[in-house]
Amino acid sequence: MKNYLDGGEAILEAFRKLKIDYIMSSPGSEWSPLWEALARQKLDNKAGPTFVESWHETLAVNMATGYTLVTGRPQAVLLHAGVGMLQGSMGVHGALQNEVPMVVMSGESQTLGEDPDLDIEQQWYGGLTVGGIERFVEPVAKWARAVTSPHTLYESVVRAGEMAQRVPKGPIYLNVALEHMLHDWTPPAAMREVPPAPTVQPRQEDVAKVTELLLNAKNPVIVAETAGRDPKAFSALVELADLLAIPVINGRANAYANFPTNHPLYLGMGNYKAVGDADLVLLVGGRAPWYPARRRPTSGKIVAINDNPLKGHMVYQTLHADLYLEGDTAEALKLMSAAAKAAKIDGAAVNARRQRWTREHESYVAGLRAEREKAQNGSGIHPLSLLGALGEVMPADTIYMDETITHSPLLRQHLPQTMAQSFFRGSGGLGQGIGTALGIKLAAPKRPVALLIGDGSFLYNPIIQALGASKRHALPIMIIILNNKKYEAMRKGHVHHYPDGASATKDLHYGVTIDGPDYEQLGSHFGFHGARVETLAELKGALQAGLAAIKAGKTAILNVHVNR
Ligand SMILES: Cc1ncc(C[n+]2csc(CCOP(=O)(O)OP(=O)(O)O)c2C)c(N)n1
């Protein structure tokens, strides 16, 4: 029996030193050295990461993404060779766009059976080894390389974890030869504890300059897009807005809960009317707030506050920033609040502003309520009725994950997002919602997690594999399918370009209709709850039953037939 430390142990020890909680993996035969190390970890009762097996690579990557979105801490993803990496590349691309740090690894053989002293399994000779998997990954990862030798393996993995958490955060890929992992490994004489990435803050003089602008502004407005991913930034934004009575809107592409939607200074998502009259706009965590990008939304000054304002993963981006406050968003906001408190605040002006915006908030909320009430009048279930019912039934600490398309603006406007991390929307291609929601649940086991998803988007997900992961890892989530029996986005886009075209005039559409199965029954293989909801009268009861199911530990699939 081979019974010495090898490259598998080097990788696991690096994960332990990086304080990685989970190894998300979809298996492949290069991983036996790591499985040996995991077996030793268990037999020796040693603390270390938990191995979470997935039946699909995208799912494994997405679960890591969801977990890190909540905790902020990178995890490890082990996939198989080039093929598994290709299958998982959709998730890695999403993580790059979402700036989610992770260490992704897969391996291949270098000796291919030609080393007489190393009997490599024959599948590696032939198509499985591609001679540089990193070539597949480079365009979708922050950094992708092959580990150069068994001697550099340990530090390469540690460095990958350290690099992943640095700005811009993102997935780091390592191709690790099977031979490196099978090679014996001598741990470094002095192994350091790996510190987390330090929090970088903007310079005091830059903070002072922006705070002065803010204190002198008559009509400042905050536009938030990604800030609230960090709960510390969520509360720091509330503190700053409250202190100076600055109204807050979510940008058109907000992917997180950035500010409590029930706060008297909240004015809605994409409400650029407020920005037009502003003399100072604080763009907090901006990604793509203005559209078309060429249109400057205000004659006031724009200050971009973000650790990574210019996104390398975007091919084009214009923030129209006159000033940047670069560094950790929460830190920047806290420093601004402290600087404002230390200066003289014009209390009368702040009070007048607060009154004005509170009235505006109340009328905005009343407008939303009126929209929902009006929606009840038509036949069938309007998506707004579903959103209204969710607001009534679901607890305030619910985490919503959004993988809808044409319904997404409604969701982001009408779903209550009163707490930090109560809303997430993914990046990249469709088919990642369930895995991300499962990763979120793994990180936040006490909070209800509800995935809202279009029927088209649902069908891109590895559904059976994800339901299997939900069962196996005890991650009950509520999956609410907004089933309009079509890819409405495709129809809308077609008619937009060809309003009088052959398709529009004869209602003859390609790429639109979905003749899907009875989605509510898909969970039955796992003993899960399922319900088909076709009338308004059934809606609230169905949500309550779904909530009861997830509380009892069972995933619930609600197939809600919406009328648009
Ligand atoms: C992986 C992937 N394939 C295809 C698309 C193209 N696409 C964008 S939106 C959409 C329709 C999604 O349908 P559904 O979830 O039912 O939402 P609806 O359009 O009805 O609002 C498609 C196919 C995509 N974004 N990602």
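Counting convention: from 1, in listed order, for ligands and their atoms alike.
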**Message:** Parallel, tilted or perpendicular: which one describes the rings of Tyr256 and Phe424, with boundaries at 30° and 60°?
**Reply:** perpendicular
**Asked** Cut-off 3.5 Å, side chains only: do Ser408 and Arg425 have a donor facing an acceptor?
**Response** yes
Between [X] and [Y] (salt bridge meaning N to carboxylate O under 4.0 Å), is one present in this structure?
| X | Y | value |
| --- | --- | --- |
| Glu134 | Arg145 | no |
| Arg532 | Glu534 | yes |
| Lys374 | Glu371 | no |

**Prompt:** Mind checking what makes salt bridge (Lys or Arg N to Asp or Glu O under 4.0 Å) contact with Arg447, not counting sequence neighbours?
**Reply:**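 None.
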**Fill in**
Lining ligand 1 at under 4.0 Å, by non-hydrogen atom distance, are residues Met90, Ile405, Thr406, Gly429, Leu430, Gly454, Asp455, Gly456, Ser457, Tyr460, Asn484, Lys486, Tyr487, Glu488, Ala489, Met490
